[in-house]
Protein chains: 2
Amino acid sequence: METIEQLLESKDIRVTAMRLLIYKFLAEKEVAVTLSDIENAFEKADRTTLYRTIKTFEEKDIVHQIDDGTGITKYALCEQGCSCNIKTDLHLHFHCTNCGETVCLTDHKIPQIKVPEGFISENVNLVVKGICDKCSG
Amino acid sequence: METIEQLLESKDIRVTAMRLLIYKFLAEKEVAVTLSDIENAFEKADRTTLYRTIKTFEEKDIVHQIDDGTGITKYALCEQGCSCNIKTDLHLHFHCTNCGETVCLTDHKIPQIKVPEGFISENVNLVVKGICDKCSG
DNA sequence: GTTAATAATGCACTTCTGTTGCATCCCTTT
DNA sequence: AAAGGGATGCAACAGAAGTGCATTATTAAC
């Protein structure tokens, strides 16, 4: 099994204590988190560091950004073999309007969307809003 | 043909000079606009007024809000018979990563999306990103 | 192992969007 | 003409996002 250190190194990310902690935090969460979620979890650390760490993770394709319509950007770890940097095979996200949580529905692929003549589709963002399984039960 | 005054009145919106101007501005635009777009077009008017005018239009269902993933909320006039307030018949939006413009593809309906057991879908936001017809030509 | 270079972190500050409270103005109705 | 209610304008605030620079830590070179 691959350690987190190995994973980061394989993605050209220098390993630091901070980055390991942030990675672990993201791995423990099953839902997408905002920057302030991370901020609250690491009150000792500076906001800028957290911000730039996430940006680094994003550039190196180990987290992907989610825009769930709340106006606040959320982030989640890419799955093993996540192809969020590839344009065609995107999963969708579910935003619960009750608890506010956003989860990746990695099993549910986005159907092919037709666009009019002249338009070139490169990426699709699909967010379903409603009530999640925890809140509907 | 219905005048703008009649339209506003039919939606319980009091007609003012400002509101007529903002409505006309939205009608002329073929793309979704941000609040600062409107701000730039009406430099004499106060930001708050424009903000609240749009909010009023939104409440009364003559504009709909678009979240195209840029992080900035955009607005567009609802089409004749627009059902954006109804949960099922939503059109999709196209965001051009070249010119930054976002257009409503009102003819293109969103396919039914399956969600896992326990999840209740109430609303779907679908934004296709890529190159628009003007930029690809 | 010390030093030089490079990257990471922390602090301060700025910008932008969105929002609210309050005073004032304008229009409508009586 | 006066009163009431909504519209407008001003000020101010909150939160997210982002940048510049100094400082610290890590790696690489000698």
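In what follows, every chain begins at residue 1, and chains take the letters A, B, ... in the order their sequences are listed.
A distance-only check finds a donor-acceptor pair linking the side chain of B:S136 to the backbone of A:G118 [under 3.5 Å]. Proximity of a side-chain donor or acceptor of B:T3 to a complementary backbone N or O of B:Q6 within less than 3.5 Å is detected. At least one donor-acceptor pair closer than 3.5 Å links the side chain of A:T34 to the backbone N or O of A:D37.
Between B:D67 atom CG and C:dT17 atom P there is a gap of 15 Å when expressed in whole angstrom units. If you measure from atom CD1 of A:I72 to atom P of D:dA16, you get 5 Å, rounded to the nearest angstrom. Rounded to an integer number of Å, the gap from CD1 of A:I38 to P of D:dA16 is 12 Å. Distance A:L8 CG to D:dT26 P: 15 Å, rounded to the nearest Å. Rounded to whole Å, atom C1' of C:dT17 lies 17 Å from atom CD1 of B:I66. Between the CD1 atom of B:I13 and the C1' atom of D:dA7 there is a distance of 13 Å, rounded to whole Å. As a whole-Å value, the separation of B:E59 CD from D:dA7 C1' is 14 Å. Between B:Y51 atom OH and C:dC16 atom P there is a gap of 19 Å when expressed in whole angstrom units.
Taking SG of A:C96 as the reference point, atom CG of A:D133 lies at 9.0 Å (rounded to 0.5 Å). Remark: B:H64 NE2 to B:D61 CG distance equals 11.0 Å, nearest 0.5 Å.
Linking Ile, Leu, Val, Met, Phe, Trp and Tyr whenever their side-chain heavy atoms come within less than 4.5 Å leaves A:V128 and A:I131 in two separate clusters. Under the 4.5 Å side-chain heavy-atom criterion for grouping Ile, Leu, Val, Met, Phe, Trp and Tyr, B:V103 is not connected to B:V127 through any hydrophobic cluster. Under the 4.5 Å side-chain contact rule for hydrophobic residues, B:F42 and B:V63 share a cluster. By the criterion of side-chain heavy atoms lying less than 4.5 angstrom apart, applied directly or through intervening Ile, Leu, Val, Met, Phe, Trp or Tyr residues, A:I120 is not grouped with A:V124; the two fall into different hydrophobic clusters. Hydrophobic clustering (side-chain heavy atoms under 4.5 Å, transitive across Ile, Leu, Val, Met, Phe, Trp, Tyr) keeps B:I66 apart from B:L50.
Between B:T73 and C:dG18 there is a side-chain N or O to OP1 or OP2 distance below 4.0 Å. Under 4.0 angstrom from either OP1 or OP2 of C:dG18 there lies no side-chain N or O belonging to B:K55. Note on A:T53: every side-chain N or O is 4.0 Å or more away from OP1 and OP2 of C:dA8.
A heavy-atom distance below 4.0 Å to DNA chain D is reached by these residues of residues 14-26 of chain B, ordered by number: B:R14, B:T16, B:M18, B:R19. Remark: B:D46, B:R47, B:T48, B:T49 in residues 39-49 of chain B come within less than 4.0 Å of DNA chain D through at least one heavy atom.
Scored by the side-chain contact (heavy atoms from CB on, under 4.5 Å) test, A:Q65 finds A:K55, A:E58, A:T73, A:Y75 as partners (sequence neighbours excluded).
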Protein-nucleotides 21-23 of chain D N/O pairs closer than 3.5 Å?
none

Using a 3.5 Å cut-off and no angle test, enumerate the donor-acceptor pairs between side-chain atoms of residues 21-30 of chain B and protein atoms at least two apart in sequence or in another chain.
none

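Between its opening and closing five pairs, the helix from C:dG1-D:dC30 to C:dT30-D:dA1 changes axis direction by 10°, a value rounded to 10 degrees.
Using modelled atom types and a 3.5 Å distance limit, the side chains of A:K74 and A:T102 yield a donor-acceptor pair.
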Next on the checklist: Walk me through whether A:R14 and A:E9 qualify under salt bridge (Lys or Arg N to Asp or Glu O under 4.0 Å).
Outcome noted: CA-CA 6 Å; A:R14 279 170 64 165; A:E9 278 172 2; over 6 Å; no

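Contact annotation for A:S36: backbone-only contact, meaning every heavy-atom pair under 4.0 Å involves sugar-phosphate atoms and none involves a base.
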